[in-house]
Amino acid sequence: MGISRDKWHKRRATGGKRTPFRKKKKFELGRPPANTKIGGKRIHVVRVRGGNKKFRALRLDTGNYSWGSEGVTRKSRVLDVVYNASNNELVRTKTLVKNCIIQVDCAPFRQWYEQHYGLPLGRKKGSTKKEEQEEDVTTKKHSPHVTKTLAARKATYKVDPHLEEQFLTGRVYACVSSRPGQSGRGDGYLLEGRELEFYLKKLKSKKAK
């Protein structure tokens, strides 16, 4: 028996049985879930109704993530699945679906921020690492024009404190807004503000159990 999306095998709201008056039709078919995992990119193309195509992502390891408050998007590595409102099993198996909460690499966003504002982000104070000292953007020399531009930007900058804490760990929380099993992409946005607070509470209560 194939996966069917018809209503003839379901009972009525009153509990009575429906008598099927025809066999299964092609337009009523369903397909097995993609169960997209974290790993090297692997996408299958599925021919669907009307000759259209769906891109079934079986494995994904990167995606385009948007930092909404800064209006910038960067390609980033998917590191882990941490929360799913619909099913904890999808967290255990690290399955990527729409609206799941994941952790992504913060390096591309940090690089952009430090270049754009000329300020360090997510770097521990008094760090002795040579690499961090070499990359320190505050010590770089700029032309007068660039210095003036950076000064104007610094006057308006503000980062969510919870988000800033995450930059210290090298991972930031993000939400997947695309449908990996349909579009073959794992894109989304970084969590900020009240939405981030909400999910941090959820994760904290989950750990406490």
Side-chain angles (χ1 to χ4, degrees), residues 1-68 73-105 171-209:
M1 295 290 284
I3 300 169
S4 184
R5 293 169 56 249
D6 64 2
K7 65 179 181 179
W8 304 109
H9 68 287
K10 304 286 280 185
R11 286 177 178 263
R12 293 191 177 92
T14 56
K17 276 193 174 181
R18 281 199 182 95
T19 307
F21 65 88
R22 66 171 183 226
K23 290 188 176 181
K24 290 181 179 182
K25 296 283 183 178
K26 181 84 163 69
F27 60 78
E28 291 172 338
L29 68 77
R31 296 185 185 88
N35 292 331
T36 310
K37 300 287 187 278
I38 299 171
K41 192 175 179 181
R42 185 185 292 176
I43 296 170
H44 284 185
V45 180
V46 182
R47 192 266 186 198
V48 296
R49 189 168 162 86
N52 296 305
K53 289 177 181 175
K54 282 186 179 181
F55 300 94
R56 189 82 76 235
L58 304 179
R59 288 183 193 170
L60 285 174
D61 56 354
T62 57
N64 293 326
Y65 290 90
S66 170
W67 189 352
T73 302
R74 287 289 177 272
K75 187 178 181 179
S76 187
R77 263 186 325 126
V78 178
L79 302 173
D80 197 10
V81 178
V82 292
Y83 183 77
N84 193 310
S86 62
N87 193 347
N88 282 333
E89 193 70 8
L90 298 176
V91 179
R92 191 184 65 79
T93 55
K94 301 193 188 306
T95 304
L96 294 171
V97 293
K98 182 173 176 171
N99 223 47
C100 69
I101 306 303
I102 60 172
Q103 283 184 322
V104 297
D105 183 20
R171 296 168 168 227
V172 287
Y173 290 122
C175 179
V176 177
S177 58
S178 65
R179 302 171 70 194
Q182 307 289 320
S183 64
R185 300 181 68 88
D187 301 340
Y189 58 92
L190 301 191
L191 294 178
E192 297 178 89
R194 291 176 70 181
E195 191 178 10
L196 177 57
E197 284 173 24
F198 173 82
Y199 284 113
L200 286 173
K201 278 182 187 175
K202 287 283 183 187
L203 290 164
K204 197 175 180 182
S205 63
K206 191 179 165 190
K207 282 178 185 175
K209 284 180 183 177

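Hydrogens, waters and symmetry mates play no part in the numbers below; they use all other heavy atoms, side chains included.
More than 12 heavy atoms of other residues, nucleotides or ligands lie within 6.0 Å of CZ in Arg74, so this atom counts as buried by the packing criterion. The local environment of CZ in Arg179 is sparse, with at most 12 non-hydrogen atoms from other residues, nucleotides or ligands closer than 6.0 Å. More than 12 heavy atoms of other shown residues, nucleotides or ligands fall within 6.0 angstrom of atom CZ in Arg31. Within a 6.0 Å radius of CZ in Arg18, more than 12 heavy atoms belonging to other residues, nucleotides or ligands are found. For CZ of Arg185, the number of neighbouring non-hydrogen atoms (other residues, nucleotides, ligands) closer than 6.0 Å is 12 at most. Applying the 6.0 Å contact sphere to NZ of Lys37 captures more than 12 heavy atoms from other residues, nucleotides or ligands.
Shown are Asp61, Leu60, Leu96, Thr62; of these, the side chain to side chain contact (heavy atoms under 4.5 Å, CB included) with Val78 is made only by Leu96. The one candidate from Asn84, Asn87, Val176 that meets the side chain to side chain contact (heavy atoms under 4.5 Å, CB included) condition with Val97 is Asn84.
Shown here for Ile101 and Leu191, the closest heavy-atom pair between the two residues is CG2-CD1, 3.8 Å. Pairing each heavy atom of Ala34 with each of Ala57, the nearest pair is CB-O, 3.8 Å. Closest heavy-atom contact between Tyr65 and Ala174: CD2-CB, 3.9 Å. Closest of all the heavy-atom pairs between Lys10 and Asp6 is CG-O, 4.5 Å. Shortest non-hydrogen contact noted between Ser178 and Ser183 is CB-OG, 4.2 Å. Scanning both residues, Lys206 and Val82, for their nearest heavy atoms gives NZ-O, 3.2 Å.
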Query raised in the report: Does the salt bridge (Lys or Arg N to Asp or Glu O under 4.0 Å) test come out yes or no for Glu197 and Arg194, once each step is laid out?
Result: CA-CA 5 Å; Glu197 284 173 24; Arg194 291 176 70 181; over 6 Å; no
Query raised in the report: Should Val81 and Ile38 be marked as a side chain to side chain contact (heavy atoms under 4.5 Å, CB included) after you check the CA-CA gap, both sets of side-chain angles, and the distance that decides it?
Result: CA-CA 9 Å; Val81 178; Ile38 299 171; 4.0 Å; yes
Report task. Step by step, work out the side chain to side chain contact (heavy atoms under 4.5 Å, CB included) result for Lys24 and Trp8. Result -> CA-CA 9 Å; Lys24 290 181 179 182; Trp8 304 109; over 6 Å; no
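Atom NE2 in His44 sits 9.5 Å away from atom CZ in Arg59 (nearest 0.5 Å). In this structure, Ile3 CD1 and Leu29 CG are separated by 9.0 Å, a value rounded to the nearest 0.5 Å. A distance of 13.0 Å separates CG of Leu190 from OH of Tyr173, quoted to the nearest 0.5 Å.
In this structure, the ring of Tyr83 has its center less than 6.0 angstrom from the ring center of Tyr199.
Counting heavy atoms from C-beta outward, Thr73 and Trp67 have side chains that stay 4.5 Å or more apart. The side-chain heavy atoms of Phe55 and Gln182, taken from C-beta on, include no pair separated by under 4.5 Å. Looking at heavy atoms from C-beta onward, Asn52 lies out of side-chain contact with Lys54 at the 4.5 angstrom threshold.
Looking at residues two or more places apart in sequence or on another chain, you find a side chain to side chain contact (heavy atoms under 4.5 Å, CB included) between Lys25 and Arg22, Phe27, Glu28.
At distances below 3.5 Å, at least one donor-acceptor pair connects side-chain atoms of Ser76 with backbone N or O atoms of Asp105. At least one donor-acceptor pair under 3.5 Å links the side chain of Asp187 to the backbone N or O of Asn64.
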